[in-house]
Amino acid sequence: MSNSISQYWVRLFIKLIFSISHLATQDLMETQEEVKEEGVGYVVMRNLFSRETDFKMRTVKKSRETSLRESAERLALSRKMHEKEEFQKKMNPDSLTHPPEFIVKPCGQTVWEGKSVTLHCTVAGWPKPRVYKNNVLIDAKAHPEKYFTESQYNMHSLEIKNCSFSDTAGYRISALNVKGESSAFAPVIIKNGYSPEYGVTFSTTIIDKFDVSFGREGETMSLGCTVIVYPTVKRYQPEIVWYRNGVILSPSKWVHMHWSGEQATLTLVHLNKEDEGLYTLRVNTKSGFDTHSAYVFVRDADVEEEGVPVAPLDVRCHDANKDYVVVTWKQPAVEGSSSIIGYFIDRLEVGTHHWTQCNDTLVKYARFPITGLTEGRSYTFRVRALNNFGVSRPSRASDPVVAMDPSDRAPGPSAPWTGMIKFTEEDPTVGVVPGPPTDLAVTEATKSYVVLSWKPPIQRGHEGVMYYVEKCLVGTETWQRVNTGMPGKSPRFALFDLAEGKSYSFRVRSCNSAGVGEPSEETGATTVGDRLDLPSVPGPVIPIRNTDTSVVVCWGASKEVKNLVGYYIEVSVNGSGVWVPCNNKPVKGTRFVCHGLSTGDKCVFRVKAVNAAGYSGSSAESEACIVQASIGEYCSVPRPPTGVTLLERVRDYMVLSWQAPAKTGGADIRGYYLDYRTVKDGVTSKWHEINLQTVTGTSYKVTDLKENIFYQFQVRAVNRAGISESSIPTVPLECKEWTVAVPGPPHGLRVQEVRKDSMVLLWEPPMFSGRSPVTGYYVDYKEENGRWRCVQERSTKNTYMKLTGLQEGVSYRLRIHAKNVAGVGGPSKKTDAILAETRPGTNEIVVDVNDDGVISLIFECSDLKEDSQFVWSKNYKAFTDTSRLTVQTSGGKSRAIFNDPSLEDLGIYSCVVTNTDGVSASYTLTEEGLKRLLDISRDHQFPIIPFKSEMAIELQEKGRVRLWAEVAKFTSNCQVEYVFNDNIIHEGKKYTMNFNKTTGIIEMFMDSLEVTDEGTFTFNLVDGKATGRISLVLIGEEFAELQKKSEFERAEWVRRQGTLSLHCPHFVEYLSFKVTPECDVHLKCKVGNIKPATEIAWFKDGIEIEEDDEDAKKIKKSDEVLIFDIGKISKKDAGVYEVKLKDERGKDKTLLNLTDAGRTVLNEVFRVIANSSTELKVMSTEHGIILYSFVVHYIEDLRIGWLHKESKISHSDRVQCGVTGEQLWLKINEPTEKDKGKYAIDIFNGQGSVKRVLDLSGQGKNRARVVGGLPDVVTIQEGKSLNLTGNVWGDPVPEVSWVKKDKALLSDDHYTLKFEHGKFASITIAAVKTIDSGKYALLVKNKYGTEAAEFTVSVYIPEDEGEKRE
C-alpha cells in the first residue's frame, strides 16, 4: 500500500514538473522576442501568436475511454470539415486551407543606375508574402524613400526607387502559412555601362598602409589603407574583405567597417585581447587581388589592485542543451604577483542586467560545465581569474547561447493557435514508461567534476522524458541517486563533489508521467582526477635580430602536451628582472615577431605553453639579443670581383685592375683584399695576402716581386656584411718589363643607364700608355654568341660612350682598345653579359622649373637602401665647380639646382644611386634646350595672367554696348587698366567700368557708339609680378554694323516708351527667325498689351493668311509669343512676312523679308547642319571602305567637299561621294597604299566651314597648324594701329614667322611680332599706311609639318582726307 502511494506521488510530482515546464516554455515563446529562433515552425508560431485574440486556459481531466470516444467523434467531424474545405478551395482559392501558391511569379530585371524598378507577383493564399534581399527581410516602412509595397486583390508589388549598385541582389518573395511555404526568386541587376566582364582588366594598389599597431583594452583603434583601382571606372567598387588570423571578419558591435571609395577602414570598438592578431586587408576584383597585413597588439588595461591577474580571454560556449552548457576560455598572459589559483564563471540572462556567479568552488581548468539553466532562455558568460592578491577584471562576455535541445532548434510547422490550451490527464494505468537510455559514456573527468553523456531511450511514449543520474562507488553495490530533487532535462549531466582518487560507476534512468524506467548500462570504473596534464616546458629559445624595434623569436615545441592552446612569449631587458608579455593572446607555431621593443636594448626572452589544464613552466632564458636592424635586413655579402687584368708590368712590380662586383649586397663596397701565389712548372704555392689594409680603388700596384717569376692573383670585396668569395684566379703572369710601343688595355670598365635600346660604358685610361700618350679609344661590342664589332669609325677622346640602337632582350659584352701614335693597343677585359632592358620602375632625370623660375634636374629612386647615396656628375666626371650647381637630397628624391644657368652649364648630367642594382640616369643639356628652359624660367618669373575667354562685345537694351572678358586665375590684389587706342581711359559720363573679383569678369559699358569709338580696346592687368593683356579690335564694317544696331536699338526703345505710355498693343520683340537643332525654321515675335479683342493678322507677300489656308496650320501662339513654323525651309518659303496688331487702342506691325534675308536664313541652317555633323568614321565593305558622317538634315544647297591630304578629291569610278538620307559618305573601292593619309569632309556653315578629319595613316596629330584667330580680310583706316592674333598648335612647339607678299617680316618700330606661351602669335602694325595693304601670312613649322594662314589687309583713306590731299 505504501509503495503504491509513493509511486502515485512520484508520478504526480513528475506530471506537475512536466506541466510547469510546458507552461514555462509556452510563456517564453510568447514573451521573449529577442531570442531569434531558427526554422519555419518558429516563424509560423510567432505570427499566429501575435494575433489580437483573447484566449482562456482551462484544464480538463478525462479518462482514457473518454479520450478515445472523443477522438472517434473528432475523426468523423474532421471528414465533414475536409469535404467543406475542399468545396471552399474551389469557391475561394485564397483561403487559409491550402499552402500559398504563386499564380504569377516575379521576373528578374536589369535596369540602369538611377532608374526605378518594380517587381510584381500574384499569390493565392494567406498571409501576404514577405520580400527578402539576399536573405535579409526588407522593411519598407522603415525606408519609405527607397521601397514602396502595395497589395491589392492578391497582387503584390515592390518598387525600388532610384536604384544604385547596392540594389544588385537576389530578391526572394516568400509566402508562408500553416500549410506550408512557397518562394519565388527574382534577380535585379543595376548597370551603368561598365563591367569587368566586357574587357576591363582592373589592377589594384594598396598605399598609405597601416603598420604594426599597439592598443590597450577599452580603447578604440582604426586600421586603414588607401586603395587605388586602375583604370578608374565611375562607381565601380572592388570587394573589400578584412581578416584576423586568416578568418574573415564581419561587422558587429565590436567591429565596424567602412569603404569610402578610396579608403578602407576597420574600426575596433572597445579593444579586448580577443582582437589581437594578424589583420589582413584583401581587395578583390574580377581581375585579381591585392593584400596587406600587419599585426595588432592589445595590451592589458591597468589592474584595479596591484598584484591581481589580468582578465581571461576568448570565452566561448559549447554543447548547449536544455539546462546545460560547457564554457571554455583561455588563460591570460599575466598571472599577477602570484600564480592563478582558479576561476569564477558568471552568467547573465539576456534581457536582464544582473550577473550571477555559477560556481562557489574555484575552477582550475579553463573549461567548466554550467547546469541549472532555464530551458528556452538565452545566456552570456564571462570569467574572472583569482590569485592570492585578488580577483581580476571580468573577461569580455561570450556570444549569447540559448538553453534548448539541439534537435528543437529548427522545429517543423505547428498547428494554428485556437485560443485555448487543453491538457488531457491520461489514466496512469495506461501510460508508457520510457526505456533505458543508451550509449552512456564519461566525456570529461577532472578533480572538480565528471561529465556524462547519453542518448535518449528508444521507447519513450508520446511525451518528453527526463533523467535521473545514479552513482556507485566501485567495490560497493549501493547506487545513490545524484539529482534527487529535480530530474535532468538534457542528455548531458555534470557531477560535482566527488572524492578525488576514488573510482565510480554511473548509470541513468529515464522517467515521465508514467513512471521511472529501467537503468541504462553502467559505465566502467572512472577514477576522479585530472586526465589532462600540464604542457611540458618549451625547448630552447633563439632570438634573431629583425628591425630597430622588433626581434624574431624561435623556440622548440613542447614535446608532451595535449590540446595545446598556444604559447606566451615574455621579454626582459637583460639584468632588470622585469618580465613583460610580448603577446596577450596565445599563438600557435614556434616563431613569433616581438614588436614594440626599444632600439639598442639588450633583451632576453622566454616562452611558456598553455592548455586547458594551465601553464607550463617557463623555458630557459635565451641569449641576450640587441634590438637593432639585422645586417641581412638591408644588405648581404657582395659577389666576387671580376675581370682581374694586368695593366702594367716591370721587373719588380705589376699593376692589376679588376671590375667591382655586379651585386654589392645592398651596401657600399668598403675595399678589396688581394692574394697571390707563385707558379713554377705548373705547380702552385699557397695563397699569400698582399695587403693588410683594404684597397679602396679597383687597381693596385703589387711591389717587391721577382723578375721572370710567374704569379697568379685573386681579389675579394668587402662591405659591412662581410668579405666576398675570391675572384677567379688570373692566368699565370710573368713579372718582366713591357717593351711594346702601343698602350696597354684600359681598365675599370663599368656600365650604367641600361635601357632597352641603349647603355653607357665608362672606363679608366690604361696604366701603361706606350711610347707616346694615348690619343683615343675604340669600343667593341658583341652579342652573347656573336663576333666582335667596333661601335665607331673614329676614335673618341672621352672615357665614356653611350651605345644606342641595341635590341631589346639581347645580352651584350663590351671591351675597349686604347691607341697612340704607334698604333692600337690590346683589348681590355670584356665586361660581363649585360641584358638590354628597361627594368620596371626605371626613372629618368626630369627637368623642372618652379614658380620662381629656378631650373633644376630631379631624379627619384624608389629602391633606396639605408646607405644609398645620390652621386651627380657632369660629363661623367665628379663636379669640380660647385658654384655652378647645388645638390639637395631628401628621401628618395635628389635635386641638382642650377645657380646661374648659362652656356657654361651645357653637357651631360648623370646621377647614380649607390647600393642599388644599377639605378642611374642622365640628361643632356643642349644650347637649344637651355634656351627653352630660360624662356620658361622667364615666364615663371614674370608670369602671364590667363583669361578664360577672349574679349567679347554685346549689345544691350537702349543700344548700350558692353565689352567684357573673364580672368581665369588672379588674386585679390589684381588691378585693371582700361585702354583705348593706347590711351588710358577712366570711368565717367561716357564709360562705366567694373571688375567683379568674385566671378573674375571685367566689364566696360558705353551708352552709345560714336564715330570716334572705332579702334582697339584693351584691358591691362597687373597682379603682383604677373601681367595680362587682352584686346578687341573694333574697326571697319564690323564697327559700322554694330554702330547701326546700337542706334536702331536706342530708337526702338524710345519708340516703345511712347507706345507703352498709350497702353496700345505693340511688339516687344520684332519678327525674327530661329533655326532649331532639328533644322526647322521658326518665325517668331513677342507682343505686349494685347487683349482677347485684339486682332492678330499674318501676311505673306501682302496677302493675309486666312484660317482655311494651308499656311494657317503653321501659326501658333504661346503666351505672348507668336510663331510661324515654316519647318524645313525651301525656295517656296521665300517672301515678305508681316504681322499686324489692331484694336480700339491702337495698332502696330512688324515684317521680315525672307527674300532679302533668305541667304542669312540658309546660312544659319547651314551652320546648324554643319555643327550637327558627327566625327568621321570608317566602315569596311566587300569592295573597299566607306568614310561617313551623319547630319541632322540635308538640303541640296549645302556645299560639301571631300579632301585627301589637304587636296580636293577627284571623283572617279573607284572614288565616289554622295548623300543617303542624313549620311554623307565617301566610297573608295579597292584601296591602295596611296589611299593612306588624312581624310576630311568640309561642310559649309554659312560663313566658313566645319571639318571632320580622320587619319587613315596613323601619323601624329601634333603637326604645326594655325587653329584660328585670323580673319580672311581686314579693312582699316590709314593712321590707325592694327593688332591681330593667331592661335597656334603643335608638339613640339612650332617655329613662327610672318610674311608679306612672300617676304619675311622682322620686328621693328613699325612691326611688333610676338609669340607668347607657345600658343599665341600676334602682329601689331603701328600707324598703318596704304603701302601696308597686301597679302600677309602666318607661317608655323615643326618636325611634323608646315602650315600658312593667309589674310589680306586693306588700308583706306577717309573721303575728307582724300579731298584735302587732292
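Given the structure is predicted, the values throughout are model-derived calculations rather than measurements. In what follows, residues are counted from 1 in the order of the sequence shown.
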When you measure from the side chain of [X] to the backbone of [Y], do you find a donor-acceptor pair of N or O atoms at a distance under 3.5 Å?
X       : Y       : result
Asn1245 : Val1250 : no
Asp1308 : Tyr1311 : yes
Thr1016 : Asn981  : no
Ser1354 : Thr1275 : no
His1310 : Ala1326 : yes
Asn850  : Val854  : yes
Lys1238 : Asp1255 : no
Thr1150 : Leu1071 : yes
Thr926  : Gly929  : yes
Ser1189 : Thr1174 : yes

Indicate yes or no: at least one non-hydrogen side-chain atom of [X] is less than 4.5 angstrom from one of [Y].
X       : Y       : value
Val1274 : Thr1352 : no
Leu1270 : Leu1284 : yes
Leu1203 : Tyr1239 : no
Leu1152 : Tyr1070 : no
His1317 : Ile944  : yes
Ile945  : Val967  : yes
Asp851  : Gln941  : no
Ile953  : Trp964  : no

Where is the tightest heavy-atom contact between [X] and [Y], given as atom of each residue plus distance?
X       : Y       : answer
Pro901  : Phe898  : CG-CB, 3.8 Å
Ser1046 : Val961  : OG-CG2, 4.3 Å
Lys1251 : Asp1242 : CE-OD2, 3.6 Å
Asp1013 : Ser1008 : OD2-O, 3.7 Å
Asp1007 : Lys989  : OD2-O, 4.0 Å
Phe947  : Ala965  : CD2-CB, 4.3 Å

Report the C-alpha separation of Tyr909 and Leu925 in whole Å, then their side-chain angles, then the decisive distance to 0.1 Å, and conclude whether the side-chain contact (heavy atoms from CB on, under 4.5 Å) test is met. CA-CA 8 Å; Tyr909 292 86; Leu925 183 61; 4.2 Å; yes
For the [atom1] atom of [X] and the [atom2] atom of [Y], what is their distance to the nearest 0.5 Å?
X       : Y       : atom1 : atom2 : result
Asn994  : Ile1002 : CG    : CD1   : 10.0 Å
Leu1306 : Ser1297 : CG    : OG    : 10.0 Å
Leu955  : Leu1042 : CG    : CG    : 6.0 Å
Gln1277 : Glu1014 : CD    : CD    : 6.0 Å
Ile855  : Asn899  : CD1   : CG    : 11.5 Å
Asp208  : Thr226  : CG    : OG1   : 4.0 Å

Measure from NZ or CZ of Arg960 to the centre of the six-membered ring of Phe1005 and say whether it is under 6.0 Å with the direction within 45° of the ring axis. yes
Checking Ile845 against Ile858 for the side-chain contact (heavy atoms from CB on, under 4.5 Å) test, could you report, in this order, the C-alpha distance in whole Å, the side-chain angles of both residues, the deciding distance, and whether it holds? CA-CA 6 Å; Ile845 293 178; Ile858 300 176; over 6 Å; no
Answer yes if the side chains of Arg884 and Ser902 hold a donor-acceptor pair under 3.5 Å, and no otherwise. yes
Go through the steps for Lys1329 and Asp1332 under the test salt bridge (charged side-chain N to carboxylate O under 4.0 Å, His left out), then give the verdict. CA-CA 5 Å; Lys1329 302 177 183 178; Asp1332 293 319; over 6 Å; no
Can you tell which of Thr1285, Asn1283, Thr1312 makes a side chain to side chain donor-acceptor pair (under 3.5 Å) with Thr1324? Asn1283
Heavy atoms from other residues, nucleotides or ligands near [atom1] of [X] exceed 12 (cutoff 6.0 Å):
X       : atom1 : answer
Glu977  : CD    : yes
Lys1301 : NZ    : no
Lys1335 : NZ    : no
Lys893  : NZ    : no
Lys931  : NZ    : no
Glu1316 : CD    : yes

Given the rule in the side-chain contact (heavy atoms from CB on, under 4.5 Å) test, do His940 and Ile936 qualify, once you have shown the distances and angles that lead to the verdict? CA-CA 6 Å; His940 286 202; Ile936 297 174; 3.7 Å; yes
Apply the test ring pair (Phe, Tyr, Trp, His ring centres under 6.0 Å) to residues Tyr978 and Phe995: give CA-CA distance (whole Å), side-chain angles for both, the deciding distance (0.1 Å), then the verdict. CA-CA 11 Å; Tyr978 303 85; Phe995 180 20; 8.6 Å; no
I'd like to know whether Arg895 forms a salt bridge (charged side-chain N to carboxylate O under 4.0 Å, His left out) with Asp848, so could you lay out the CA-CA distance, the side-chain angles of the two residues, the decisive distance to 0.1 Å, and finally the verdict. CA-CA 9 Å; Arg895 182 189 298 267; Asp848 177 66; 3.3 Å; yes
Starting from the C-alpha separation in whole Å, work towards a yes-or-no answer on side-chain contact (heavy atoms from CB on, under 4.5 Å) for Val976 and Asn1020. CA-CA 6 Å; Val976 182; Asn1020 289 332; over 6 Å; no
Checking Glu927 now: which residues fulfil salt bridge (charged side-chain N to carboxylate O under 4.0 Å, His left out) with it, not counting sequence neighbours? none
Excluding sequence neighbours, so at least two apart, what forms salt bridge (charged side-chain N to carboxylate O under 4.0 Å, His left out) with Glu928? none
Would Tyr230 and Phe202 count as a close aromatic pair, with their ring centres under 6.0 Å? no
Less than 6.0 angstrom separating the ring centers of Tyr991 and Phe1017, yes or no? no
Begin with the C-alpha distance, continue with both residues' side-chain angles, and end with the deciding distance and a verdict on salt bridge (charged side-chain N to carboxylate O under 4.0 Å, His left out) for Glu954 and Arg962. CA-CA 5 Å; Glu954 65 180 40; Arg962 175 183 179 242; 3.3 Å; yes
Specify whether Tyr1336 and Phe1351 have parallel, tilted or perpendicular ring planes, treating 30° as the upper limit for parallel and 60° as the lower limit for perpendicular. parallel
Considering only NZ, NE, NH1 and NH2 on the basic side and carboxylate oxygens on the acidic side, decide whether Arg1252 and Glu1175 come within less than 4.0 Å. yes
